[in-house]
Protein chains: 2
Amino acid sequence: MNIYEVAERAGVSIATVSRVINRSAKVSSATRAKVEKVLEEMEYTPSAVARSLATNATRLVGILCADNRDPAFAESIFYAEQTLAAEGYDCLMGNATGDLKQKDYYIKGLLERKADGVLMFGASFEDEGEQNLLRLAAKRMPVVMVASSTKAKEVYQVTSKEDMAVASIVKGLALSGHKHFAYLYDATSPSARIKLNGFERGLEESGLGGANGAAVRVAKGFHGGFTGARWLIDHGLFFTALLTSEDALAAGALKALIQSGRRVPDDVCVFGHNNSELCLCTEPSLSSVDNRMEELARLGVRTLQSAMNSSKKPLQVAQIPAKIVQRDSSVPFDVE
Amino acid sequence: MNIYEVAERAGVSIATVSRVINRSAKVSSATRAKVEKVLEEMEYTPSAVARSLATNATRLVGILCADNRDPAFAESIFYAEQTLAAEGYDCLMGNATGDLKQKDYYIKGLLERKADGVLMFGASFEDEGEQNLLRLAAKRMPVVMVASSTKAKEVYQVTSKEDMAVASIVKGLALSGHKHFAYLYDATSPSARIKLNGFERGLEESGLGGANGAAVRVAKGFHGGFTGARWLIDHGLFFTALLTSEDALAAGALKALIQSGRRVPDDVCVFGHNNSELCLCTEPSLSSVDNRMEELARLGVRTLQSAMNSSKKPLQVAQIPAKIVQRDSSVPFDVE
DNA sequence: CTGAAAGCGCTAACAT
DNA sequence: ATGTTAGCGCTTTCAG
């Protein structure tokens, strides 16, 4: 059921068939009707692959993300997918959580499939090998990284200043009299490191030494937060403020703290990160930092779109401020 | 940078280049080396679209889902994507949340792109038009529906008996003496309706009339659950057991109940649905029904794989039992 | 072991 | 307005 069979059955040339399919040129309404009838009858479906080969254009964009299960990324992917679909782009999705080999697989795949562009959510490209891969990709199609950064300057980047927000929280709490901080994080990705940096910078800028802040790497999710907080408690570490790199971590920590008799926020203030719906569900509700993923996703998609239309090159790097959301797990303070 | 340029630079024919690229046939190690060197130098990337046209095979599978933001679907997508990627399949993802037109867009797209198969998560195809679409798709590639059902019997289906679990909860609670039930749901999709049916069947089979169970449609998420429960309370509806179609709904309801002075589980037992991580985060922790999405996803992927390899046709329809998970938001009872 | 040549299904000049 | 034809980049007989 290709264009030839249609042409034959309709008694016209393949060019004409192609024309009616694509509305590309004038076709007399008589032949048009004739062809369309055959199209219907045969349940003809054009071959996108043949078309792509002929036109050298796929309407395909890659969505590479660190983990589509992360609610923030899921939200971004959803938005990106729906927006791009509305413009007739299809999304090839991949989770590049792992090592270089995995990233290589996805990037090469997109290159081979001649994708029109890539949108990355939280995918980290740190070392030399990864950056080279990124450059290779950027040479052939626009690459937009959302919520993660890289030294490779060939790619577009949009991030929010989460580290500033974290630092601001520490400073705000310090001004309120807090002197002993703890930080729970679950990954060592660049963006995770950036948040951690914010924590440490906050301490420094508050005139507090490293001894005032314990940063502990824990397992992912509620369980990681729970056991992490238990560990802190069991080891007798004293802290009146607990920050985390993830809401689920904070939710777990919250449970552990309360089970151990701590009052939140009176004894210890707790902060999550990402401002997910989870924050509303805990008791007390969770203060968090809103990294404004929707904004980032929006900006990322727009950037990719204009880059693909190669109309005007947008900025290489964009940053928007993150927002601190104070709820019941912390005592209110002013943010400078 | 196509196969011709490579052939020329290496002083061989394109057939030979094709052979070394695909390791398809014997090539003397001398020429092989020569060709591979050129491949490297030119940073040659094969064209998947040309290859697909020639071989009539894309390694592409569609992942159509109701909403990739739903944690359960996100988990499934992740699993499916990683598993398929390991076998060299790329995933075209789409959210077919909406009307027929949207589903049509995705299905036709997959057909045009000559996808090798489709995996659907929670996507509903109810009415005549949608079912015809499904049939059209199934005629050309294997279609596997996970966590949703349809009357169209041309597609593979794997679901869990969530309705049975819901009914069992109602019956279990009824045996414990509960007489007044409420049910909060946020959608009218087939699978949502099935759950609701379970609720109603549970009442019936407990010898309770419809007057003993109020089913209310509410907005999505925590907020929907919160306002829904408030509505029930404000309207003076008495109930000692509250079931929901979603954990987030239950989380919201939980807050509202507790704020209004109800003790959970003493005054009212609350059940979520999906057994997400959220259940651990609430206070008290949330009882829920585990629809075993991971199992379903696993089964769905396996089904698709074997259907694509057309080795042996697996069963058309598979069902696995769902599990009731009792936590602190309900008083323990025995499940028959 | 290697090369020549015919397609895969479609688009896009270029004719008519 | 419609038809002819030459690719698009690759795979795959079929010869040699």
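Atoms considered below: every heavy atom in the structure, side chains included; atoms not considered: hydrogens, waters and symmetry mates. Here the structure is a predicted model, which is why all the values come from computation and not from measurement.
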Between Glu8(B) (side chain only) and Tyr4(B) (backbone N and O only), is there a donor and an acceptor less than 3.5 Å apart? no
query = Thinking salt bridges, do Lys37(A) and Glu41(A) make one under a 4.0 Å N-O criterion?
reply = yes
Looking only at heavy atoms, the pair that brings Gly117(B) and Leu304(B) closest together is CA-CD1, 4.1 Å
Carboxylate-amine/guanidinium contact Glu126(B) Arg193(B), below 4.0 Å
yes
Just checking, any donor-acceptor pair under 3.5 angstrom between side chains of Gln316(B) and Gln157(B)? no
In terms of heavy-atom contacts, Ser13(B) and Ala7(B) come closest through C-CB, 3.8 Å
Expected list for residues 7-17 of chain A near DNA chain C, using heavy atoms below 4.0 Å, is Ile14(A), Ala15(A)
Of all heavy-atom pairs linking Ser52(B) and Val49(A), the shortest is CB-CG2, 4.0 Å
DNA chain C nearest-nucleotide lookup for Ser18(A) and Ala54(B): closer to the 5′ end is Ala54(B)
When every non-hydrogen atom of Ala85(A) is compared with those of Tyr105(B), the smallest separation belongs to O-OH, 3.3 Å
Footprint ends on DNA chain C, 5' to 3', for atoms under 4.0 angstrom from a heavy atom of chain B, come out as dC1(C) to dG9(C)
Atom CG of Asn56(B) and atom C1' of dT13(D) are separated, to the nearest Å, by 17 Å
Heavy-atom closest pair (Ala152(A) atom, Leu134(A) atom, distance to 0.1 Å) is CB-CD2, 4.2 Å
Rounded to whole Å, the CZ-P distance (Arg113(A) to dC10(D)) equals 15 Å
The correct set of residues in residues 30-51 of chain B placing a heavy atom under 4.0 Å from DNA chain C is Thr31(B)
Collect all protein-nucleotide pairs involving nucleotides 14-16 of chain D in which both atoms are nitrogen or oxygen and the distance is under 3.5 Å.
none

- Under 3.5 Å, is there a donor-acceptor pair between the Arg140(B) and Thr45(A) side chains? yes
Double-helix bend of the helix from dC1(C)-dG16(D) to dT16(C)-dA1(D), axes at both ends from 5 pairs, round to 10°, gives 40°
Problem set entry | Salt-bridge contact Glu43(A)-Lys139(B) (side-chain N to carboxylate O under 4.0 Å) | yes
From CG of Asn2(B) across to P of dC8(D) the rounded distance in Å is 8 Å
Query raised in the report: Is a salt bridge present between Arg59(B) and Asp90(B), judged by a nitrogen-to-oxygen distance below 4.0 Å?
Result: no
So the side-chain hydrogen bond (donor to acceptor under 3.5 Å, both in side chains) pairs with at least one residue in residues 60-71 of chain A (sequence neighbours excluded) are Asp67(A)-Arg69(A), Asn68(A)-Asn95(A), Arg69(A)-Glu75(B)
Gln102(A) and Gln82(B): side-chain donor and acceptor closer than 3.5 Å?
-> yes
Shortest non-hydrogen pair, Ala72(A) vs Ser76(A), comes out as O-OG, 2.9 Å
